[in-house]
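In this chain, residues are counted from 1 in sequence order.
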Amino acid sequence: MTGVFDDLAAERGRLQRTSAAHQVAELLREHITAGALSPGTQLPEEALGTALGVSRNTLRESFRLLADQRLVVHEMNRGVFVRVLSADDVADIYVLRRALETAGIRAASVAPPERLAVLRVAVERGEAARVAADWVAVGTADLDFHLGIAALTGSERISEAMGRLLAELRLAFGAMPSAAELHEPFLRRNRTLAELLATGRIAEAEAELASYLDDACRGIVAAIRGDLEVTEC
């Protein structure tokens, strides 16, 4: 496991004595969301404790918090692992995505310009990452784009729920055999959505979002099931 947790070790200075378990859980969630800890990665207590300079008790509490967020699982006599999602998990994630992001789309007409600008920036970051063939960064930009859509509501609770959901969604990305095939078509669609919202075409944006999420869900579920004929999600 040498070197796997080097990036985490570099951030150990962020951790404080107070609420250390929550801070460790947040740090690990950030690394899962960024794609640095992929589905199936084992999280051994000794290696992580050394990397972060925290006790096993702190790690175990942080693992409990992450398990509550559906991001890790404990396997008897084996340890803790970043969760691997099932097709049913993915379908359920998309039920909530539709609710949160549709709320964002419907709020776009009254959202301040700086919130809409976040969408454009995320689109441009994703396109730049595609040119560099950095598909992990493309995925991160895509997640930021959709977090920005939910944030159009101006609700801190919706943004927080979306942030937690997107950490799970990054795990769903891991089910795809090719990150490029997953993200390439949706880069274009992100730009389309951003332009529809920027020009006030809310009904068109809502219809595009519905189609977008249906297509994305079907693609990931089909990859997990090994069934190219998935028609509903």
Using every non-hydrogen atom in the two residues, find where [X] and [Y] come nearest and quote the distance to one decimal.
| X | Y | value |
| --- | --- | --- |
| Leu66 | Ala25 | CD2-O, 3.4 Å |
| Val123 | Ala194 | CG2-CB, 4.2 Å |
| Val80 | His74 | CG2-CD2, 3.7 Å |
| Leu28 | Ser62 | CD1-OG, 4.5 Å |
| Leu187 | Glu127 | CD2-N, 4.0 Å |
| Ala91 | Val221 | N-CG2, 4.5 Å |

Is the shortest side-chain heavy-atom distance between [X] and [Y] below 4.5 Å?
| X | Y | value |
| --- | --- | --- |
| Trp135 | Glu184 | yes |
| Thr102 | Leu209 | yes |
| Glu124 | Arg191 | yes |
| Phe145 | Leu193 | yes |
| Asp92 | Asp88 | no |
| Glu45 | Phe63 | yes |

Polar contact flag, side-chain donor to acceptor under 3.5 angstrom, Arg189-Ser211
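A donor-acceptor contact under 3.5 Å links the two side chains.
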
Distance-only side-chain donor-acceptor flag, Tyr94 / Asp214, under 3.5 Å
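No - no donor-acceptor pair under 3.5 Å links their side chains.
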
His183 ring center within less than 6.0 Å of Phe173 ring center
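Phe173 vs His183: aromatic centres under 6.0 Å.
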
Ring centroid separation His146 to Phe186 under 6.0 Å:
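Between His146 and Phe186, the centre distance exceeds or equals 6.0 Å.
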
Look at atom [atom1] of [X] and say whether more than 12 heavy atoms of other residues, nucleotides or ligands are closer to it than 6.0 Å.
| X | atom1 | result |
| --- | --- | --- |
| Glu46 | CD | no |
| Glu156 | CD | no |
| Arg125 | CZ | yes |

Check against salt bridge (charged side-chain N to carboxylate O under 4.0 Å, His left out), Arg157 and Glu160:
CA-CA 5 Å; Arg157 288 173 174 78; Glu160 180 179 351; over 6 Å; no

Just by modelled atom types, is the Val136 backbone N or O under 3.5 Å from a matching donor or acceptor in the Thr140 side chain?
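The answer is yes, because a donor-acceptor pair under 3.5 Å joins these two groups.
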
Note: Arg83-Asp89 ion pair, threshold 4.0 Å (strictly below):
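Asp89 and Arg83: salt-bridged.
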
To the nearest 0.5 Å, what is the distance between CD (Glu204) and OG1 (Thr192)?
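Separation between the atoms: 11.0 Å.
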
Given Ser55 and Arg60, is the side-chain hydrogen bond (donor to acceptor under 3.5 Å, both in side chains) satisfied, shown in steps?
CA-CA 9 Å; Ser55 70; Arg60 288 169 184 168; over 6 Å; no

